[in-house]
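Input: a single structure, listed below in structure tokens.
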Amino acid sequence: MDYRHLKNRKSMHARIVQELGIEIVSGKFAPGERLPPEPTLCEAYGVSRPVLREATRVLVAKGLVVSKPRVGSVVRPREEWHMLDPDVLFWTISVTPEGEFFRSLLTVRRIIEPAAAALAATEATEEDVVRIRRCYERMESAQTPSDLLEPDLEFHRAVMAATHNDMLAFIGNMMSLALMESIKLTSRHPDTHALSLPRHRAILTAIEHRDPLGARQASLVQLEHAKADAETILVIGQPGRP
């Protein structure tokens, strides 16, 4: 699925949630600003107050707004948004320039993934290692960049799961959508398959050898190379560039 192209939602409730959510994450409604009053929104969408309030409750649950008596719905500070909520992440990806989103995600990945790889090297069971190896083998057999996407994503999720830390495994799953967009970007490099395989092989080998320092370093190298690949693609994609 291309998360940069929004799809129409069937129900009016879902449409209200999506449109208001996008307007919030895009900055149309700034933190601390009130959303339009209920009567205005009800008229704009042609819905009853119960329908609008149900949509508002969803935005509250996602950390985007807070409802205050006699005040209405107020946009919460950005740091309080549930950024790993699939919808919030979906909306953020759709309104954020590709390079900006990639660099923000890479910062998070550099903090989490090397440490997770190191922990996996000490905590992984033989079943975990087999799962990671099979993901790598599927990457090897991929014939096209699109074929490479799913096993590449699963490789990183398998490493997170191999830490046997429930929080890290959860973060790995919640980051899947964002990571998929990152892999899609780097997969546009003409040599993506040849470049990607040895980097992931190094992570796998370090985990197989129970080498946490090696796993950490291999993960860092993989991320640094992904950054370089992405920057090359982003530069080529700029107007006026060949």
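All residue numbers in this chain count up from 1 along the given sequence.
Residues in residues 119-132 take part in these side-chain hydrogen bond (donor to acceptor under 3.5 Å, both in side chains) pairs, two or more places apart or across chains: T125-E127, T125-D128, D128-H164, R131-E154. The stretch residues 26-36 participates, sequence neighbours left out, in these side-chain hydrogen bond (donor to acceptor under 3.5 Å, both in side chains) pairs: E23-K28.
Listed by chain and residue number, nothing satisfies the salt bridge (charged side-chain N to carboxylate O under 4.0 Å, His left out) test with R216 (two or more places apart in sequence, or in another chain). Under the rule for a salt bridge (charged side-chain N to carboxylate O under 4.0 Å, His left out), the partners of E150 that lie at least two apart in sequence or sit in another chain are R138. Scored by the salt bridge (charged side-chain N to carboxylate O under 4.0 Å, His left out) test, R57 finds E54 as partners (sequence neighbours excluded). In this structure E38 satisfies the salt bridge (charged side-chain N to carboxylate O under 4.0 Å, His left out) test together with R49, R53, sequence neighbours excluded. Residues passing the side-chain contact (heavy atoms from CB on, under 4.5 Å) test with H82, sequence neighbours excluded: D85. Remark: A169 engages no residue in a side-chain contact (heavy atoms from CB on, under 4.5 Å) (not counting sequence neighbours). For S182, the side chain to side chain donor-acceptor pair (under 3.5 Å) partners two or more places apart in sequence, or in a different chain, are R109.
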Report the C-alpha distance between E98 and E181 in whole Å, list the side-chain angles of each, state the deciding distance to 0.1 Å, and finish with yes or no for side chain to side chain contact (heavy atoms under 4.5 Å, CB included). CA-CA 9 Å; E98 193 171 30; E181 288 297 309; 5.7 Å; no
Between F170 and L84, is the side chain to side chain contact (heavy atoms under 4.5 Å, CB included) condition met? List the steps. CA-CA 10 Å; F170 175 77; L84 292 183; 5.9 Å; no
Are V25 and T96 close enough, and set up right, to give a side chain to side chain contact (heavy atoms under 4.5 Å, CB included), and what steps lead you there? CA-CA 9 Å; V25 301; T96 304; over 6 Å; no
Checking side chain to side chain contact (heavy atoms under 4.5 Å, CB included) for the pair V58/K62: CA distance, chi angles, key distance, verdict? CA-CA 6 Å; V58 175; K62 295 178 183 299; 3.5 Å; yes
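Annotation: side chain of M175 is not in contact with side chain of M160 (no heavy-atom distance under 4.5 Å). Contact of the F29 side chain with the V65 side chain is not registered, since no non-hydrogen atoms from C-beta on lie closer than 4.5 Å. Residues I233 and F102 have side chains not in contact (no heavy-atom distance under 4.5 Å, counting atoms from C-beta outward). Considering only heavy atoms from C-beta on, L223 stays 4.5 Å or farther from K227 through its side chain.
Under the 4.5 Å side-chain heavy-atom criterion for grouping Ile, Leu, Val, Met, Phe, Trp and Tyr, V51 is connected to L64 within one hydrophobic cluster. Using a 4.5 Å cut-off between side-chain heavy atoms of Ile, Leu, Val, Met, Phe, Trp and Tyr, with links allowed through other members, V95 and L59 fall into the same hydrophobic cluster. Under a hydrophobic clustering in which Ile, Leu, Val, Met, Phe, Trp and Tyr are joined whenever their side-chain heavy atoms come within less than 4.5 Å, directly or via other members, L220 and L119 fall into different clusters.
Nearest heavy-atom pair, A206 versus A121, reported as atom, atom and distance to 0.1 Å: O-CB, 4.2 Å. Contact detail for A30 and V75: the closest heavy-atom pair is O-CB, 3.4 Å. Scanning all heavy atoms of the two residues, the minimum distance from L52 to C42 falls at CD2-SG, 3.7 Å. S187 and P145 make their closest contact through O-CB, 3.8 Å (heavy atoms, listed as atom of the first residue, atom of the second, distance). When all heavy atoms of M12 and Y45 are compared, the pair lying nearest together is CE-O, 3.8 Å. Closest of all the heavy-atom pairs between A116 and T163 is O-CG2, 3.3 Å.
Note that CG of L35 and OG1 of T56 are 7.0 Å apart. Values are rounded to the nearest 0.5 Å. To the nearest 0.5 angstrom, T92 atom OG1 is 3.5 Å from M83 atom CE. Rounded to the nearest 0.5 Å, atoms CD1 (I171) and OG (S176) are 12.0 Å apart. One finds the CH2 atom of W91 at 7.5 Å from the CD atom of Q18 (value rounded to the nearest 0.5 Å). Atom CG in L185 sits 9.0 Å away from atom CD in E231 (nearest 0.5 Å). Atom CG of L177 is separated from atom CD1 of I93 by 4.5 Å, given to the nearest 0.5 angstrom.
Panel note: side chain S104, backbone F101; no donor-acceptor pair is recorded below 3.5 Å. Remark: side-chain polar atoms of R157 are not paired, donor with acceptor, to backbone N or O of L153 under 3.5 angstrom. The closest donor-acceptor contact from the side chain of E19 to the backbone of V17 lies at 3.5 Å or more, if one exists at all. For S219 (side chain) and A215 (main-chain N/O), no donor-acceptor pair under 3.5 Å exists by modelled atom type.
Hydrophobic cluster membership for M167: none, as no Ile, Leu, Val, Met, Phe, Trp or Tyr side chain comes under 4.5 Å of it. By the 4.5 Å side-chain criterion applied to Ile, Leu, Val, Met, Phe, Trp and Tyr, I132 is assigned to a cluster that also includes V129, Y136, M139, L148, F155, V159, L197, I203, L204, I207. Through chains of ILVMFWY side-chain contacts below 4.5 Å, V66 is grouped with V71, V74.
With S73 as the fixed residue, the side-chain contact (heavy atoms from CB on, under 4.5 Å) test singles out one of P37, S67, P36: S67.
Ionic pairing of E208 and R201 is present here: one or more N-O contacts between side-chain nitrogen and carboxylate oxygen are shorter than 4.0 angstrom. Ion pair R134/E137 not flagged as a salt bridge, since none of the NZ, NE, NH1 or NH2 atoms sits closer than 4.0 Å to an Asp/Glu carboxylate oxygen.
More than 12 heavy-atom neighbours from other residues, nucleotides or ligands sit within 6.0 angstrom of CD on E79.
Residues D229 and H225 have side chains that never bring a donor and an acceptor to within less than 3.5 angstrom of each other. Residues T205 and H209 bring no donor and acceptor atom of their side chains to less than 3.5 Å of each other.
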